[in-house]
*Asks:* 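Below is one structure. I have some questions about it.
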Amino acid sequence: MAEIFGEIKKIAYEGPGSRNPLSFKHYDPERVVAGKSMREHLPFAMAWWHNLCYCGQDMFGSITMDKSFGAQPGIMTHAYSKVDAGFEFMQKLGIDYFCFHDTDLIPEACDINETNARLDELSDYIIKKMQETGIRCLWGTANMFSSPRYLSGAGSSNSADVFAFAAAQVKKALDLTVKLGGRGYVFWGGREGYETLLNTDVKFEQENVAYLMKMAVAYGRKIGFSGDFYIEPKPKEPMKHQYDFDAATSIGFLKQHGLEKDFKLNIESNHATLAGHTFQHELHIASMNGMLGSVDANSGDLLLGWDTDEFPKNVYDATMCMYEILKAGGLSGGLNFDAKNRRASYTHEDMFQAYILGMDTFALGLIKAVALIEDGRIDEFVKERYASFSTGIGAKIRRKETTLEKLADYASEMKSLELPGSGRQEYLESVVNSILFG
């Protein structure tokens with residue numbers, strides 16, 4: 001079979017001094033960092049939807065990119081050509097995983113039975129390519145937001161028939177995820193939310209969404225899915241108020257409905273900033289609740305108020321991301337590049353250079369995060385900042401051995417009350433800069 005990207009050779013590590021745009025400057029997959037290879041620390045994944053399906057269209061203009069890969073789009077022949085293109089692309093970049101929505105893989109038919117037959121057919125071919133290459137599935141999901149039937153949500157729809165159709169899609173997507181050996185299954189509630197309370201029963205909708213998830217867990221475990229289910233938080237867009245607003249909201253929802261034992265979070269950088277948080281904040285909240293599962297590695301433009309899905313390039317953000325991941329003991333999922341080329345970057349070479357940018361950015365972030373941890377000054381400062389809780393009255397508070405009355409008596413005997421120790425934020429930020437750029 002002729003190569004689709006014949007003009008591109010396998011991407012190799014050439015080091016920081018290389019001027020070759022089709023080479024890694026920082027990602028050396030076999031380099032050992034903190035006891036593991038970069039490949040183990042950084043389980044990169046290709047997003048099927050952006051890399052193989054997105055053609056540069058936006059709300060103001062039509063396609064600019066040729067993603068036909070030698071076949072006519074919209075038919076099964078094209079679905080096969082995308083598989084060939086995707087696996088060649090991943091092999092040449094040394095990417096070990098991919099992620100998919102059901103409707104990324106095949107053109108959806110008018111009848112769900114025909115759609116499912118197409119998914120069965122194509123997934124057989126994907127398995128063959130997986131066996132040939134060793135590339136694996138990170139996670140799967142169902143697209144329950146693009147079709148007009150989901151205009152008012154899927155699990156949160158006001159139509160019982162639409163809810164049933166969504167359940168059927170989830171069932172099939174779970175079948176595919178298990179068939180392809182996926183490590184996780186994602187719920188992204190792009191339409192699970194509302195525009196106005198004038199026509200919405202929020203409690204009713206959230207209970208239905210939770211029930212859909214509970215049924216998915218029951219079915220998944222029944223067919224042998226042992227991985228994690230994920231919620232991917234996002235505050236808005238396409239809906240004005242989405243039910244999975246941020247990590248804290250999603251965790252509260254999971255615990256309210258008894259789903260916390262089966263679900264973790266898939267944290268996306270661009271979604272964090274849309275919620276008014278930093279990427280590091282969302283990772284930290286997920287981690288401290290034992291729910292950090294996987295990461296969609298992208299970035300947004302802070303000058304734009306929507307989900308731009310840019311390839312990660314900010315080494316500071318990547319460092320703080322990897323800092324949280326290392327502190328959490330790693331990911332049960334991986335680092336999926338839910339990112340797309342800019343509309344004007346339309347060539348095959350641009351596709352490769354975008355992934356090189358993202359992979360090098362996270363490799364640098366890993367190196368610098370390890371250096372921050374090994375430096376120790378931040379950990380030591382945080383420990384010292386709370387030292388008053390390690391002895392005396394502080395230790396009693398932490399052991400929950402006090403009452404309001406006892407603490408009031410203790411406070412009444414104070415002759416003076418000093419200010420808490422300085423937070424020294426600027427000093428700590430200079431420590432980070434010295435590690436990054438020193």
Side-chain angles (χ1 to χ4, degrees), residues 13 15-16 24-45 94-97 138 247 264-273 277-300 310-339 355-383 385 424-438:
Y13 170 75
F24 292 120
K25 317 305 183 296
H26 305 286
Y27 178 61
D28 181 358
E30 304 312 319
R31 175 180 170 180
V32 175
V33 180
K36 294 196 297 186
S37 70
M38 279 193 170
R39 182 185 294 275
E40 293 174 288
H41 278 296
L42 302 169
F44 292 128
I95 292 175
D96 292 330
Y97 296 95
L138 184 62
K264 292 183 179 178
L265 301 187
N266 183 58
I267 300 295
E268 178 175 316
S269 172
N270 202 168
H271 294 178
T273 52
H277 302 310
T278 63
F279 189 19
Q280 184 184 12
H281 168 89
E282 290 290 88
L283 293 165
H284 190 86
I285 296 300
S287 174
M288 74 183 220
N289 283 279
M291 291 190 181
L292 177 56
S294 200
V295 167
D296 272 6
N298 62 17
S299 65
E310 299 182 28
F311 277 88
K313 56 187 177 294
N314 188 314
V315 176
Y316 189 100
D317 284 347
T319 297
M320 303 322 296
C321 167
M322 292 309 303
Y323 183 83
E324 295 297 334
I325 289 172
L326 290 169
K327 289 278 191 177
L331 296 170
S332 61
L335 293 161
N336 173 47
F337 285 115
D338 184 9
Y355 271 76
I356 290 168
L357 167 65
M359 294 166 77
D360 269 345
T361 297
F362 268 85
L364 257 179
L366 169 65
I367 292 167
K368 297 302 182 180
V370 169
L372 272 177
I373 293 170
E374 291 178 345
D375 176 80
R377 281 177 285 176
I378 293 177
D379 282 343
E380 183 59 33
F381 177 82
V382 172
K383 180 181 177 181
R385 188 171 182 229
R424 301 188 72 190
Q425 178 176 332
E426 295 79 8
Y427 158 70
L428 295 170
E429 289 170 340
S430 75
V431 168
V432 173
N433 281 352
S434 71
I435 297 296
L436 283 172
F437 307 110

*Asks:* What distance separates Y316 OH from F437 CZ, expressed to the nearest 0.5 Å?
*Replies:* 9.0 Å
*Asks:* What is the distance from atom CD1 of I95 to atom CG of L335, rounded to the nearest 0.5 Å?
*Replies:* 11.0 Å
*Asks:* Give a yes or no answer on whether the side chain of D360 reaches the backbone of K25 with a donor-acceptor pair at less than 3.5 Å.
*Replies:* yes
*Asks:* Evaluate the criterion side chain to side chain contact (heavy atoms under 4.5 Å, CB included) for residue pair N314 and T361; output intermediate values, then yes/no.
*Replies:* CA-CA 7 Å; N314 188 314; T361 297; 5.9 Å; no
*Asks:* Any side-chain heavy-atom pair from L372 and M320 closer than 4.5 angstrom?
*Replies:* yes
*Asks:* Minimum heavy-atom separation for A247 and I285, please, with both atom names.
*Replies:* CB-CG2, 4.1 Å
*Asks:* Take atom NZ of K383 as the centre, draw a 6.0 Å sphere, and report whether it contains more than 12 heavy atoms from other residues, nucleotides or ligands.
*Replies:* no
*Asks:* Closer than 3.5 angstrom, by distance alone: can the side chain of S294 be matched with the main-chain N or O of G334 as a donor-acceptor pair?
*Replies:* yes
*Asks:* Output the distance between atom CD1 (I267) and atom CG (D296), rounded to the nearest 0.5 Å.
*Replies:* 9.5 Å
*Asks:* Using a cut-off of 6.0 Å, state whether more than 12 heavy atoms not belonging to R31 lie near its atom CZ.
*Replies:* no
*Asks:* Grab the two heavy atoms, one from K368 and one from I435, that are nearest each other, plus how far apart they are.
*Replies:* NZ-O, 3.3 Å
*Asks:* Closest heavy-atom contact between A297 and P312?
*Replies:* O-CD, 3.6 Å
*Asks:* Could you tell me which non-hydrogen atom of A286 sits nearest to which non-hydrogen atom of L265, and how far apart they are?
*Replies:* CB-CD1, 4.0 Å
*Asks:* How far does OG1 of T273 sit from CD of E268, to the nearest 0.5 angstrom?
*Replies:* 8.5 Å
*Asks:* Should Y427 and R377 count as side-chain neighbours, where that means a heavy-atom distance under 4.5 Å?
*Replies:* yes
*Asks:* Rounded to the nearest 0.5 Å, how far does CG of L366 lie from OH of Y323?
*Replies:* 14.5 Å
*Asks:* For the residue pair F44 and Y27, categorise the inter-ring angle as parallel (less than 30°), tilted (30 to 60°) or perpendicular (more than 60°).
*Replies:* perpendicular
*Asks:* Given the rule in the side chain to side chain contact (heavy atoms under 4.5 Å, CB included) test, do D338 and N270 qualify, once you have shown the distances and angles that lead to the verdict?
*Replies:* CA-CA 10 Å; D338 184 9; N270 202 168; over 6 Å; no
*Asks:* With side chain to side chain contact (heavy atoms under 4.5 Å, CB included) as the test, would you mind laying out the steps for F337 and M359 before giving the verdict?
*Replies:* CA-CA 9 Å; F337 285 115; M359 294 166 77; 3.6 Å; yes
*Asks:* What pair of heavy atoms forms the shortest contact from S287 to A328, and how long is it?
*Replies:* OG-CB, 3.3 Å
*Asks:* Decide yes or no for I325 and H41: does some side-chain heavy atom of the first lie under 4.5 Å from some side-chain heavy atom of the second?
*Replies:* no
*Asks:* So which heavy atom on G300 is nearest to which on E310, and how close?
*Replies:* C-OE2, 4.3 Å
*Asks:* Rounded to the nearest 0.5 Å, how far apart are CD of E324 and CZ of F279?
*Replies:* 10.0 Å
*Asks:* Side-chain contact test, heavy atoms from C-beta onward, threshold under 4.5 Å: evaluate it for L331 versus L292 and give yes or no.
*Replies:* yes
*Asks:* Looking only at atom types and distance, does a side-chain atom of D28 sit under 3.5 Å from a main-chain N or O of Y13, one as donor and one as acceptor?
*Replies:* no
